[in-house]
2 protein chains.
Amino acid sequence: MNARGIAAEAAHMIREAIMDGSFRPGEELREGSLAESLTVSRGSVREGLSILEREGIIRTGWHRPATVIPVSRDHARNLYRLRAGLDRIAAQGAAHHTRADGFSPALESLRSAVTDGAARSEVVRADLEFHDAVYEVADNAPLTSAWQAIRSQIRLYQLVRSAEPESGYDSSLVAEHSRYAEILTSGDVETAGRYAEQHVESALEGLLGRLGD
Amino acid sequence: MNARGIAAEAAHMIREAIMDGSFRPGEELREGSLAESLTVSRGSVREGLSILEREGIIRTGWHRPATVIPVSRDHARNLYRLRAGLDRIAAQGAAHHTRADGFSPALESLRSAVTDGAARSEVVRADLEFHDAVYEVADNAPLTSAWQAIRSQIRLYQLVRSAEPESGYDSSLVAEHSRYAEILTSGDVETAGRYAEQHVESALEGLLGRLGD
DNA sequence: TCGGCGATTAATGTCAACATTCGACATTGA
DNA sequence: TCAATGTCGAATGTTGACATTAATCGCCGA
């Protein structure tokens with residue numbers, strides 16, 4: 001939480017409440033009650049909700065309460081199709097720049113989270129932070145911005161994916177990401193792009209299996 | 001202007017002022033003076049600026065005035081690399097759905113704008129609306145959202161590109177877009193994706209030639 | 001003279017009151 | 001009975017006053 005300002009803090013609180021299930025998909029978020037429970041003004045809550053809308057995890061309508069986005073197979077497919085495209089560009093960019101040590105710390109952190117048997121949410125967080133590192137190495141501000149705009153939605157679906165035990169979510173996680181990092185440092189732009197797309201595609205497959213809908 | 005609310009209207013006014021050069025790249029936008037000149041409250045201006053930030057044409061900072069994004073070769077390269085990736089997915093999606101009449105009206109409107117010798121800004125608008133149609137046919141909400149987040153920035157650079165006469169901007173425009181539409185209706189997903197990427201790549205080349213910086 | 005430091009000031013951040021709008025429910029009329 | 005319409009309540013949209021922050025400029029001392 002390094003974000004400055006009450007609005008950003010409000011956004012943080014609401015976001016985490018959504019992530020831990022305190023607000024279900026489709027549920028309404030009323031500015032008034034949020035303001036009361038967070039002990040801030042409705043204006044700040046409103047600005048916080050605007051941030052969350054930018055992250056795509058809530059929708060707003062004219063004179064209607066904000067709602068948590070519903071999760072569905074269709075939306076997941078479209079979201080991951082977009083992510084595949086973004087990751088492809090990021091991987092190409094990262095491979096092009098070839099800064100070897102860019103994602104080693106993130107990879108190490110992911111590995112220790114998995115081997116330590118950390119909570120699901122922690123593993124998901126480490127997973128996303130690895131991808132953050134890839135985007136950072138790619139060094140493309142508009143691309144990173146597009147990633148930020150879907151990151152929270154991805155997080156929501158990853159939590160769904162890893163919600164139940166025996167999901168096999170983190171068994172191959174470290175191996176796949178190690179291979180990913182290897183390819184990126186190899187500098188082979190084309191291969192990197194292809195691998196990134198395929199990586200996301202397989203993640204989608206695993207997710208769709210868990211999405212009854 | 002079907003947008004509802006004073007904030008959206010304020011965003012519209014400011015956006016157009018940026019597009020027609022009333023605010024130069026890098027220039028500061030003060031909430032107070034904007035509120036005064038638009039005769040609305042600072043709060044509404046603030047929310048309008050938040051919309052424009054989502055569109056990527058202004059930046060904001062903590063306790064600092066918003067600024068119009070600076071244009072640069074680097075930023076253009078990164079922006080168009082992202083756009084190429086998005087357009088690729090959109091083209092693949094549109095080719096997959098194969099709704100023939102989806103972009104014919106937009107194409108016709110672009111053709112008439114060019115042949116009528118309409119103003120640069122009108123041609124750019126028609127150009128973008130054609131691409132809007134492609135995204136709509138692709139029918140992928142997160143993807144369309146990502147497109148909306150860069151659309152205004154693209155518009156800004158397209159205006160730069162077509163700013164001076166003899167730029168050769170619209171000579172091949174109609175031909176290229178007709179071919180684009182053809183490929184999309186043909187249903188060949190792979191070819192559509194490749195053509196879209198290449199289309200953007202050549203647009204970037206033309207743009208970089210006009211960007212001294 | 002120069003460099004650090006504090007008051008100034010001009011901007012943004014926050015708040016609470018008021019205006020507007022939407023959806024639901026009751027009402028009325030054919 | 002049913003559909004169009006009026007009314008009501010609860011939510012969001014908008015506003016202006018007040019709090020907070022960061023850059024600027026001048027002062028002071030080494």
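Values in this document were obtained by computation on a predicted structure and should not be read as measured data. These values consider heavy atoms only, across backbone and side chains, with no hydrogens, waters or symmetry-generated copies. Residue numbers start from 1 in every chain, and the chains themselves are labelled A, B, ... in the order their sequence lines are given, proteins ahead of strands.
Candidate nucleotides D/dT15, C/dC22, D/dT12 were compared by shortest atom distance to the side chain of A/R46, and D/dT12 ranks first. Listed nucleotides: C/dA11, C/dT14, D/dA11. Nearest to the side chain of B/H63: C/dA11. For B/S44, counting side-chain heavy atoms from C-beta on, the closest listed nucleotide (C/dG23, D/dT14, C/dA11) is D/dT14. Set against D/dA11, D/dT21, D/dT14, the side chain of B/A7 has D/dT14 as its closest nucleotide. In the set C/dT12, C/dT14, D/dG13, C/dT12 carries the atom at the smallest distance from any side-chain atom of B/R30.
Between the CD atom of A/E53 and the P atom of D/dT12 there is a distance of 13 Å, rounded to whole Å. Between the CD atom of A/E31 and the P atom of C/dA17 there is a distance of 16 Å, given to the nearest Å. The CZ-C1' distance, from B/R59 to C/dT12, rounds to 19 Å in whole Å. Rounded to whole Å, the distance from CH2 on B/W62 to C1' on D/dT21 is 8 Å. A/E47 has its CD atom 15 Å from the C1' atom of D/dT14, to the nearest Å.
Applying the 4.0 Å criterion to OP1 and OP2 of C/dG23, one finds that A/R64 has a side-chain N or O inside that range.
Contacts of B/G43 with the nucleic acid, taken as non-hydrogen atoms under 4.0 Å apart, include base atoms. Contacts of A/L49 with the nucleic acid, taken as non-hydrogen atoms under 4.0 Å apart, are absent. When heavy atoms are screened at a 4.0 angstrom cut-off, A/R42 is found touching base atoms of the nucleic acid.
Summarising the local packing, CD of B/E136 is surrounded by 12 or fewer heavy atoms from other residues, nucleotides or ligands at distances under 6.0 Å.
Donor-acceptor pairing under 3.5 Å is lacking for the side chains of B/D74 and B/S72. Checking B/D87 against B/Y135 by side-chain atom types alone, a donor-acceptor pair falls below 3.5 Å.
With hydrogens and angles ignored, no donor-acceptor pair under 3.5 angstrom links the side chain of B/R4 to the base of D/dG13.
You'll find the side chain of B/M19 reaches within 4.5 Å of the side chain of B/S152, heavy atoms only.
With A/S109 contributing its side chain and A/P105 its backbone, the two residues share no donor-acceptor pair below 3.5 Å.
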